[in-house]
Amino acid sequence: MIKKIYLLAFFTLIVHQFAFSQEFTLQSAGLLNVGRSSQAWGDYDTDGDLDLLLSGDPVSAPYVLKIYHNDAGTFTDIDANLTGIYNSAVTWGDFDNDGDLDILATGRSASNSKTWLYRNKNGEFVAVNAGLPDIGSDGAVAWGDYDGDGDLDALIAGNYSCRIFNNDAGTFTDINAGLPPVSNCWVDWGDYDNDGDQDVFVMGDMGGILTSSIFRNDKSTFTEVPADILPMCAGSASWCDADNDLDLDLIVCGFDEYLEPNTLIYQNLGEMQFLCMIPDMVKTALGTACWGDYDNDGDADVLLTGQNPACGSLSSHVYRNDGGFFFTDINANLAGAERGAAAWGDYDNDGDLDIVISGISGSGSPVTALYRNNMGSNTFQPNLPPEIPAGLVSTVSAHHVSLNWNHVTDNNTPASAVNYNLRIGKVPGGNDVMPAMSSADGTRLVTMPGNMTNDTAWSLSLPDGTYYWSVQALDHSFAGSQFAGEQQFTVLNVSTGKPQSTVCLTANNPFKDQLIVQSQKNCSVEVRDSNGRLTGRSVNHSKFHQFDTSCWQTGVYFIKSSAGNEEFVLKVVKSH
């Protein structure tokens, strides 16, 4: 009897493992096999499904940079006439705020090393002479609005440099951010401190010395924080709220200073503190580590590819998030690859995340593999988009605008883990001030979190005019809700005769148990939370104001000062 029980248990385990191994099925997609590659999902033609941008070296043919149009799961090269590159980095982003996806790419072509910017004009891609630096092999690129002016700025690293270029109506200017000069690198944007602006993660080789650093964005000045992240190069990193506690955690993979592959997760504890977690995952370099909820259970799982410590060993794994930073390898039976890239994306619109992997295989030949998520062998259900955000409120003070909305719920993702995507335009439904990179019905054009991450508030300065805005919610599977009912606000300062404010507030930011506000002239002060609720008021006309905030919830707050007919608004954040 005992023998039968053991046999039954063993059989059940084998069936369970086999079922998990069948969740992802290799597709015959007709994609070109490429090594030393990069790729990105994006709906360039806004037809509702994800197309694929793919670069690399096919070995038997010239280097490529191709766009594959997705037509119900059939992929066709559109012959976009883009310069072929390898050892490359590519990304989609709407840099000109016209509602469609443009391309930023860097790498090595047959004749030179450059950085290319292509503008999407009704599905035709035109090279733009943007004056961006020639990076070449093993660089990195990322779009992000670091200054909150509504357009995408460019973060470009490689060739022993790392620079931020401010986008002003399509003109790019180096802001001299003072980021470390790196090669064999990775960069990414993420608001790790929840203060409403985009911070920067930089990883790479500074000429024999490695770095993995977080730079805090403080009014467009970038300062390195003591995060104590293991210095690495030749890998990747990805921000995500992995523990659903309203702040961004970080997964990093790459070579350490001894040229050993490693994979680490850093839990964000708040107050600029990160706890290094050593996950039960394969150590990897020359590959990809990225978050995505493949099983629609509301938490972020991990896709991990690249070279492993054993000489010549390559692998690709999906790790299921079981909570508490515990992960289980589901034995997805994916092709191992290095010197390439991997990405999540629901290419067949069936409500779950599929996978594409490219790079050099264990045999040394190039590979591009598309895997469909079958769902049926597991208990999870098709993912539904989150609820539509509510409680949209705008507050205008001179040229300063504060936008707020409420947290939403999702069928699987906890409310604390839902992220948000904001659009602002000068016409109803417009994206020309801040692009959402989503269709009008909420369908996401790219497989990445929203431009607000977990924030439910945003502030920016705008010239006179009437503006239209809305926000949508996104979950860990990058599924987007419909946009909330459109709101509008008017910025009208010059014609009112109000002088420009000279109050000029400063505060301890972030703050914890006390908020101290100081100004250059006597004023009264009120503080409101991200939902517009009054949390503190000081009517004394003074240059110094102090609030006991020990019972305030963590999050974003807005300080408004008044001195006669002058007003000033300052955004601050209460940390854990």
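Bear in mind the structure is a predicted one, so any value in this text is a computation, not a measurement.
- Listed by chain and residue number, nothing satisfies the salt bridge (Lys or Arg N to Asp or Glu O under 4.0 Å) test with Arg339 (two or more places apart in sequence, or in another chain).
- Not a single side-chain contact (heavy atoms from CB on, under 4.5 Å) links Ser60 to another residue, sequence neighbours left out.
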Show the atom names and distances, to 0.1 Å, of all donor-acceptor pairs under 3.5 Å that link a side chain in residues 238-255 to residues at least two apart or in another chain.
from   : atom 1 : to     : atom 2 : distance (Å)
Asp241 : OD1    : Asn244 : N      : 3.0
Asp241 : OD1    : Asp245 : N      : 3.0
Asp241 : OD2    : Asp245 : N      : 3.2
Asp241 : OD2    : Leu246 : N      : 2.8
Asp243 : OD2    : Gln267 : NE2    : 3.0
Asn244 : OD1    : His476 : NE2    : 3.2
Asp245 : OD1    : Asp247 : N      : 3.4
Asp247 : OD2    : His576 : NE2    : 3.3
Asp249 : OD1    : Asn268 : N      : 2.8
Asp249 : OD2    : Ala242 : N      : 2.9
Asp249 : OD2    : Asp243 : N      : 3.4

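- When all heavy atoms of Gly139 and Ala89 are compared, the pair lying nearest together is O-CB, 3.6 Å.
- Looking at residues two or more places apart in sequence or on another chain, you find a ring-ring contact (aromatic ring centres under 6.0 Å, His included) between Tyr347 and Phe75.
- Under a cut-off of 6.0 angstrom, the local environment of CD1 in Ile278 is sparse, with at most 12 non-hydrogen atoms contributed by other residues, nucleotides or ligands.
- Asp197 meets the salt bridge (Lys or Arg N to Asp or Glu O under 4.0 Å) test with no other residue; sequence neighbours excluded.
- Counting only residues at least two apart or in different chains, salt bridge (charged side-chain N to carboxylate O under 4.0 Å, His left out) contacts with residues 431-452 are absent.
- Residues meeting the side-chain contact (heavy atoms from CB on, under 4.5 Å) test with Ser55, sequence neighbours left out: Ser38, Leu65, Ile85, Ser88, Val90.
- Counting all heavy atoms, side chain and backbone alike, Gly480 lies closest to Leu474 at CA-CD2, 3.2 Å.
- Judged as a salt bridge (charged side-chain N to carboxylate O under 4.0 Å, His left out), the pairs with a partner in residues 84-101 (not counting sequence neighbours) are, in order, Asp96-Arg119.
- For Asp47, there are no salt bridge (Lys or Arg N to Asp or Glu O under 4.0 Å) partners, not counting sequence neighbours.
- Take Asp188 and apply the salt bridge (Lys or Arg N to Asp or Glu O under 4.0 Å) test, not counting sequence neighbours, and it matches no residue.
- A search for side-chain contact (heavy atoms from CB on, under 4.5 Å) contacts involving Ala337 returns Ile357, Val367, not counting sequence neighbours.
- Note that CG of Asp475 is 12.5 Å distant from CD of Glu387, once rounded to the nearest 0.5 Å.
- Within the structure, salt bridge (charged side-chain N to carboxylate O under 4.0 Å, His left out) contacts touching residues 69-92 (residues at least two apart or in different chains) are Lys66-Asp77.
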